[in-house]
Amino acid sequence: MRIFDWKPIHTGDIPVKQVSAISKQFKLSRVAAEILLRRGITNKDTINKYLHGTYANMYSPYLFKDMLKAVVRIKRAKEKQETVFIHGDYDADGILSTAIMKMTMDTIGVKAIPYVPDRALGYGLSKESIAQAIEQHVSVIITCDCGSNEHKALKQARDSGIDVIVLDHHSYSKRPKVCAFINPEEPCYPFSELCGAGVAFKFIQALDNEFGGIQPEGFLELVAVATVADAVPIIDENRIIVKEGLKRLSQPGNVGMYHLLKVCSLLGRKISTEMVGFIIAPKINAPGRIAHPRLALDMFLTQDQVEADKMAHELANINKKRMDINRKIRDEAIEMIEKHYKNDCFLVLHNDSWNKGVIGIVASTIVELLHKPTVIISEGYGSVRTVPEYPLIETLKACSNLFERWGGHPMAAGLKIKKSKIDAFRKRINEIAGQVLSPNPVPYINFDTKLKIRDINMNLVEDLERLEPFGNGNPLPHFVMEDLAVARDRVTKDGQHLQLTIRKDRRMSSVVGFWMAPYSELFIDPAQRFDVLFSVDRNRKNYERIILRDLKEVSLDW
């Protein structure tokens, strides 16, 4: 059993009058209104957009400074019958960005060659990929989910007479010299958190305005998956993308996505962000990690039902192999930490035998288990993940002279480093992080507010469903109930899950704790009382369900 601290999302009191006003105006329960206010969603216009925002509320793509330049360049490519090279990336975001851009070029009648690199070439544009574009006699390169920081490769393309349109969302220090640079981190655009597919989607919206007939909304099912997979915050424009896209995923229009959901046994079901993040996205990412990402790209581009079904099954099989590799590296990494680095506050782990394709997943797992920022390095390539309270960018920037290159987001980054500099990197990053972080942190779970058993009913469930989609930036609401008795407990037949009946003030309710069977050893004394941290959802019979996330024994004074 792991020990967690419980922290309220918002410390301090929320005015009762404000809760009542929001509850009344938006026809929400007081609990749902309080959740919004505690998350800083207080402005009535913002709440209205949060609850009722639709495709029509998305920002104009022409707010990007270079959007018109990009559209004009594609218009010229069509008029002159030029060939466009679409350069993506090997993860789900890059693959889906490339897919929707290729389908768009086909729709408007522009010849386009889609390309996603093998992970062995490293992230982003490389001299090899630019050489391939030159061999294909292309006039334009469109980058998807890359291009902001690859200045040498961009110069290589420019020197070869190729115009480059960069569609990317990664942080950058210097604006690249290209035909058009479209990145939401530029101050001209009002929302900086789009993923790569989100940026590509804005370009598609602009192209539809020029050419017509594209119907960008049809791509939202793919853009939503990319947005969740890339772990960007599901707020503002991303919230609209995911909300609208998830609706379409129950019966997707894309042939490849249809068969992938079929393989996942999700076809026809209401798709949640959790299903995307833990079931769908890993299968799209898997070939880019241990095989070749072209398989996933081809699946989304094919119109052949038989081929799509075959490729979807192959993705699932590759993902199973990836999971086995992942478990082995995870176990070796934990053993390494225990032997050498358990007192470090920022973990830097290195082993050249580890598969570069899965080290990012392992780094995320280590962060979740130990609540420490972690970088895992193999053959010079490092994947970095961090905890919510410690953004990466400034810390990595302070170590950047040790890297050959690096880039990423506040929560996840990648780098390339020489083996001879890893120890210096470990020392420096721990000196920097040690000023803020503890070498022995206690993992914590945030909760929104405290409830009583009587508060939990289908009205609450329906209100919480209005706050969906949940994910990064808009986490699933968690609650706390205090001083409860456990009237009944049992472990499921498979020995994995916990089922409880809790009681207080003559009220009783059922609780399920997935993968929490070990907690059953706590229920010895019937007089013992517990505080529980939980979430609430709708079960398959359309009744409210309490899902246990953690519990603590209440200290008795007698």
Side-chain angles (χ1 to χ4, degrees), residues 3-53 233-236 239 371 387-391 436-438 441-485 502-507 509 511 529-537 544 546-557:
I3 298 174
F4 293 94
D5 193 6
W6 300 355
K7 294 183 179 181
I9 281 181
H10 179 282
T11 57
D13 296 326
I14 301 292
V16 174
K17 286 185 177 180
Q18 193 177 9
V19 174
S20 298
I22 297 301
S23 175
K24 184 176 180 180
Q25 180 172 353
F26 293 99
K27 295 182 173 57
L28 290 167
S29 66
R30 295 175 66 85
V31 174
E34 185 178 342
I35 288 171
L36 289 175
L37 294 170
R38 287 187 180 278
R39 294 178 179 211
I41 306 169
T42 57
N43 179 279
K44 291 182 179 179
D45 289 338
T46 305
I47 294 173
N48 189 58
K49 184 178 178 181
Y50 178 95
L51 293 175
H52 307 298
I234 305 179
I235 56 175
D236 202 293
R239 178 173 171 79
H371 203 73
V387 292
E389 66 270 25
Y390 195 75
V436 178
L437 300 175
S438 165
V442 177
Y444 64 88
I445 305 174
N446 285 126
F447 68 91
D448 290 83
T449 189
K450 295 179 181 180
L451 298 182
K452 308 225 179 258
I453 291 181
R454 65 173 179 267
D455 297 322
I456 302 168
N457 50 46
M458 279 307 297
N459 288 333
L460 174 61
V461 172
E462 289 167 1
D463 272 354
L464 294 179
E465 288 174 344
R466 291 179 65 188
L467 307 187
E468 294 176 345
F470 300 121
N472 184 24
N474 185 42
L476 176 73
H478 287 87
F479 309 100
V480 167
M481 284 193 289
E482 297 178 319
D483 198 35
L484 302 168
I502 56 173
R503 173 175 54 83
K504 186 172 184 181
D505 300 332
R506 298 183 181 179
R507 292 178 181 266
S509 193
V511 177
R529 295 293 185 268
F530 296 89
D531 295 340
V532 300
L533 188 144
F534 63 98
S535 60
V536 182
D537 72 359
E544 67 272 13
I546 300 173
I547 301 177
L548 183 65
R549 304 292 179 172
D550 196 22
L551 80 164
K552 297 181 186 296
E553 293 183 75
V554 177
S555 298
L556 300 176
D557 295 328

Query raised in the report: When you measure from the side chain of Lys552 to the backbone N and O of Phe4, does any donor-acceptor pair fall under 3.5 Å?
Result: yes
Query raised in the report: Rounded to the nearest 0.5 Å, how far does CG of Asn457 lie from CD of Glu544?
Result: 6.5 Å
**Report entry** side chain to side chain contact (heavy atoms under 4.5 Å, CB included) between Leu533 and Leu548, intermediate numbers included
**Finding:** CA-CA 6 Å; Leu533 188 144; Leu548 183 65; over 6 Å; no
Query - Test side chain to side chain contact (heavy atoms under 4.5 Å, CB included) applied to Val461 and Leu464, step by step - result: CA-CA 5 Å; Val461 172; Leu464 294 179; 5.7 Å; no
**Report entry** Under the side-chain contact (heavy atoms from CB on, under 4.5 Å) test, residues paired with Ile546 that sit two or more places apart
**Finding:** Ile456, Met481, Ser509, Val511, Phe534
Report task. Only counting residues at least two apart or in another chain, list the ones meeting side-chain contact (heavy atoms from CB on, under 4.5 Å) with Lys24. Result -> none
Query - Results of side chain to side chain donor-acceptor pair (under 3.5 Å) for Ser23 - residues two or more places apart only - result: none
Query raised in the report: Which atoms form the tightest heavy-atom contact between Ile453 and Leu484, and what is the distance?
Result: CD1-CD2, 4.1 Å
Query - Validation row: Phe470, Pro475 side chains within 4.5 angstrom (heavy atoms) - result: no
Query raised in the report: Does Asp448 reach the main-chain N or O of Phe479 with its side chain, forming a donor-acceptor pair under 3.5 Å?
Result: no
Query raised in the report: Taking C-beta and beyond as the side chain, do Val480 and Thr449 meet within less than 4.5 Å on heavy atoms?
Result: no
Report summary line: Those residues at least two apart in sequence (or on a different chain) that pass salt bridge (Lys or Arg N to Asp or Glu O under 4.0 Å) with Arg239 are none
Query raised in the report: Got a sec, which residues hit side chain to side chain donor-acceptor pair (under 3.5 Å) with Lys44, two or more places apart in sequence or on another chain?
Result: Gln25
Query - Side-chain donor/acceptor of Asp505 to backbone N/O of Arg507, under 3.5 Å - result: no
Report summary line: Hits for salt bridge (Lys or Arg N to Asp or Glu O under 4.0 Å) against Glu462, two or more places apart or cross-chain, chain-then-number order -> none
Requested in this report: For Lys450, enumerate each residue passing the salt bridge (Lys or Arg N to Asp or Glu O under 4.0 Å) test, keeping only those at least two apart in sequence or located in another chain.
Outcome: Glu482
Report task. Look at the side chain of Asp463 and the backbone N and O of Ala32, then say whether any donor-acceptor pair between them is shorter than 3.5 Å. Result -> no
**Report entry** Distance (rounded to the nearest 0.5 Å) between Ile9 CD1 and Arg38 CZ
**Finding:** 9.5 Å
Query raised in the report: How long is the gap from CG on Leu460 to CG on Leu451, to the nearest 0.5 Å?
Result: 6.5 Å
Report summary line: Residues passing the side-chain contact (heavy atoms from CB on, under 4.5 Å) test with Ile547, sequence neighbours excluded, are Val512, Phe514, Ser535, Asp537, Arg545, Arg549
Query raised in the report: Restricting to pairs with a member in residues 464-478, which pass side chain to side chain donor-acceptor pair (under 3.5 Å), not counting sequence neighbours?
Result: Arg39-Asn474, Tyr50-Asn474, Lys270-Glu468, Glu465-Arg538
Report task. Name all residues meeting the salt bridge (Lys or Arg N to Asp or Glu O under 4.0 Å) criterion together with Lys504; count only those two or more places apart in sequence or in a different chain, and write none if there are none. Result -> none
Query - Results of side chain to side chain donor-acceptor pair (under 3.5 Å) for Thr42 - residues two or more places apart only - result: none
Requested in this report: Quick one: pull up CZ in Phe26 and CG in Leu51 and give me the separation to the nearest 0.5 Å.
Outcome: 6.5 Å
Requested in this report: Could you tell me which residues satisfy side-chain contact (heavy atoms from CB on, under 4.5 Å) with Glu389, sequence neighbours excluded, listed by chain and number?
Outcome: His371, Val387, Tyr444
